[in-house]
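What follows is a short report on a single structure.
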Amino acid sequence: MSSLWYYHLICRQIPGDPHMEIAIHGFWTTKAGDVDPQKSLTTPLSDSRFFYQIRHDAKQRQKVITKIFIDEEEISLVHEWMSNDGKETNFFDIPLKYRKKGEHTLRFQIFAPVSNAADAGPGTKIYDSEIFKLTFTE
């Protein structure tokens with residue numbers, strides 16, 4: 001396991017399961033399988049797809065909704081299922097209008113769904129990541 005995994009974020013417990021913790025340790029680009037979470041990343045403006053991994057200790061499968069923000073503006077809403085293997089890797093795309101040369105902030109929030117419906121929106125916030133840094137170059 002990479003030493004980068006030891007750059008832990010503040011883990012939050014999920015309401016209703018006082019023993020479960022959840023965290024996002026960073027983000028990366030290239031391929032989903034190239035798991036290498038970074039707190040700070042410099043990449044060309046042409047890179048639009050980024051990956052992240054939710055680490056958790058869920059004992060049962062449950063749905064969560066992840067909101068992703070760049071410069072405090074929501075750019076993505078991802079519905080995902082947490083399995084019992086402790087990690088969920090997913091991706092998001094940064095729209096062209098947000099890919100400007102220079103330094104930007106990136107933040108993740110995880111929510112429990114408002115109901116069990118397949119299209120249920122975000123309910124209670126269960127995790128708020130630290131602020132990560134994304135720098136675009138030409």
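In this chain, residues are counted from 1 in sequence order.
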Within the distance-only criterion (no hydrogens, no angle test), does the side chain of Arg55 pair as donor or acceptor with the backbone N or O of Ala23 below 3.5 angstrom? no
Rounded distance [0.5 Å steps], [atom1] in [X] versus [atom2] in [Y]:
X	Y	atom1	atom2	answer
Thr135	Lys101	OG1	NZ	11.5 Å
Ser129	Gln109	OG	CD	8.0 Å
His56	Gln62	NE2	CD	8.5 Å

Decide whether [X] and [Y] are clustered together by the hydrophobic rule: side chain heavy atoms of Ile, Leu, Val, Met, Phe, Trp, Tyr closer than 4.5 Å, transitively.
X	Y	value
Phe111	Val78	no
Leu41	Ile75	yes
Leu45	Phe92	yes
Ile65	Ile54	no

Less than 4.5 Å apart, any side-chain heavy atom of [X] and any of [Y]?
X	Y	answer
Ile94	Leu134	yes
Arg99	Ser48	yes
Lys39	Glu130	yes
Ile22	Met82	yes
Phe50	Ile68	no
Asp71	Tyr98	no
Lys63	His79	yes
Gln38	Phe132	no

Pairs touching residues 41-53 that satisfy salt bridge (Lys or Arg N to Asp or Glu O under 4.0 Å), sequence neighbours left out: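 Applying salt bridge (Lys or Arg N to Asp or Glu O under 4.0 Å) to every pair that reaches into residues 41-53, excluding sequence neighbours, yields Arg49-Asp93.
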Residue pairs fulfilling salt bridge (Lys or Arg N to Asp or Glu O under 4.0 Å) with at least one residue in residues 78-92, sequence neighbours excluded: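 Found none.
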Candidate pair Ser83 and Trp81, rule side chain to side chain contact (heavy atoms under 4.5 Å, CB included), full reasoning: CA-CA 6 Å; Ser83 61; Trp81 286 92; over 6 Å; no
Go through the structure and list residues passing side-chain contact (heavy atoms from CB on, under 4.5 Å) with [X], not counting sequence neighbours.
X	value
Ser40	Lys133
Ile131	Glu72, Thr105, Arg107
Ala117	Ser115, Asp119, Ala120

Mind checking ring pair (Phe, Tyr, Trp, His ring centres under 6.0 Å) for Phe136 and listing every partner two or more places apart, or none if nothing turns up?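 For Phe136, the residues satisfying ring pair (Phe, Tyr, Trp, His ring centres under 6.0 Å) (neighbours in sequence not counted) are His104.
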Tell me whether the rings of Tyr52 and Phe108 are parallel (<30°), tilted (30 to 60°) or perpendicular (>60°).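 Rings of Tyr52 and Phe108: tilted, 30 to 60°.
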